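Nothing here was measured: the structure is a model prediction, and the numbers come from that model. Just so you know, residue 1 is the first one in the sequence shown, and it goes up from there. One-based numbering, in listed order, for ligands and for the atoms of each.
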Amino acid sequence: MFSRPTLVLTLLLAASATAQPAPKPALTRTLVRAGHLLDVKTGKVLDAETVVVAGDTIQSIAPSASVQAQPSDIVIDLGALTVLPGLIDVHTHLTGNPDFDPYRELTTTTAKEAINGVANARTTLMAGITSVRNVGAGGYSDVDLRDAINAGQVPGPHMLVSGPPLGITGGHCDENLLPSGYHAVGDGVADGIAAVQHMVRQNIKYGADVIKICATGGVLSKGDDPQASQYTLEEMQAIVADAHRLGRKVAAHAHGAQGILWATEAGVDSIEHGSYINDEDIAAMKQRGTYLVPTLYLEDWIIESGHLPVFYRQKMVDVSAVAKGNIKRAMQAGVKIAMGTDAAVYPHGLNAHELDVYVNQLGMAPLDALQTATINAADLMGWTAKTGTLEAGKWADIIAVQKSPLDDIRTLQDVKFVMKAGVVYKNDSK
Ligand SMILES: [Zn+2]
């Protein structure tokens with residue numbers, strides 16, 4: 001006897017076996033005419049190139065003179081602008097906004113986070129960030145945001161999302177603003193091997209693409225020390241083993257040197273922040289190929305514009321005093337870098353300011369800086385086949401700016417044209 005679902009499936013299979021395949025409708029081509037085209041692999045700039053886009057994908061790239069427009073083509077002439085791949089930010093919190101008032105922070109519901117996310121995803125995309133890794137959100141609001149973007153309900157970048165970050169009781173990823181009578185606990189709090197395994201599995205169950213953990217204390221959290229390790233080596237080994245077995249990478253928030261080392265030894269894929277990184281950490285990360293995701297522009301922004309409560313302020317002063325020097329040594333030593341910003345700590349859309357810090361404060365070559373936000377970031381996300389360069393077969397994620405970023409990295413702070421997956425979201429080229 002067939003059960004009903006099996007019968008339906010059998011009939012469908014029989015029908016599809018005999019039916020002719022439906023003819024695929026020809027996709028409308030879009031020709032993006034670029035005055036200049038920057039190859040982020042080599043730093044070479046070619047003049048008068050055309051990117052041929054079909055559907056959400058780059059079909060080919062060739063000298064404009066050799067690409068004749070067909071009557072059915074859409075032609076976008078970007079004049080003298082410089083065209084390059086959309087940028088990638090591997091450390092955002094799109095569902096959060098800068099607000100350091102602890103009482104307002106406590107009033108943030110999951111619904112509010114989702115609403116924030118809708119606005120911030122759009123702002124981020126318009127700034128030329130066509131992909132993000134979102135590392136920490138409440139109530140799986142990031143999962144719903146990612147799905148709404150993918151379904152075309154709201155504009156935003158391609159997203160990999162983590163759901164709630166895992167952390168120890170009383171740690172950076174717990175909620176420490178209220179006394180014990182309120183029983184407030186962060187969504188991702190888990191202590192001990194069995195509990196962290198459960199939380200990894202739960203986050204994956206509810207839609208996480210990546211696992212975010214808090215390996216050490218943090219700056220914008222009450223009562224903890226950025227230099228103190230929080231998860232033990234054994235807990236992080238259990239997290240990484242489960243995450244990797246289930247096909248997810250692990251991003252570890254880590255400021256202190258011991259926590260960076262333990263997280264690296266446990267096999268995490270990226271260290272976020274890395275403020276107190278030392279020679280031992282640098283050697284271990286180089287040996288394992290662990291990415292470092294510095295988030296440095298936020299220090300400049302907070303010092304200029306932020307109003308921190310007293311229990312965050314001294315920690316920010318202490319971390320800011322050492323982080324740039326330490327990160328610079330890691331960069332010079334050849335640790336792999338991917339651009340992350342921690343946007344939400346400062347207003348969304350300022351993401352490209354991070355690259356200005358790398359180049360104009362830490363002395364990184366402009367091409368290397370550009371690669372942190374393209375090729376390297378795509379590699380860390382596992383998306384090398386999809387984005388990070390302009391090549392046939394990848395997503396048509398294309399931006400354009402007024403000058404070559406190799407001459408002036410700040411030109412990326414004023415993106416004139418944004419296409420994501422073949423759809424134009426912004427065109428201020430005229
Ligand atoms: Zn963060």
*For K403, the option from T82, D408, D414, T411 that meets side chain to side chain donor-acceptor pair (under 3.5 Å)*: D408

*Charged N to carboxylate O below 4.0 Å: is that the case for D279 and R329?*
yes

*On the 0 to 90° scale, with breaks at 30° and 60°, tag the Y297-Y346 ring pair as parallel, tilted or perpendicular.*
perpendicular

*Take the angle between the ring planes of W395 and W383 and call it parallel below 30°, perpendicular above 60°, tilted in between.*
perpendicular

*Which pair of heavy atoms, one from I76 and one from M419, lies closest together, and at what distance?*
CD1-CE, 4.4 Å

*Does the distance from a Lys or Arg side-chain N to an Asp or Glu carboxylate O, for E272 and R133, drop under 4.0 Å?*
yes

*What's within reach of the Zn ion (ligand 1), meaning protein N/O/S atoms under 2.8 Å?*
H91 NE2, H93 NE2, D342 OD1

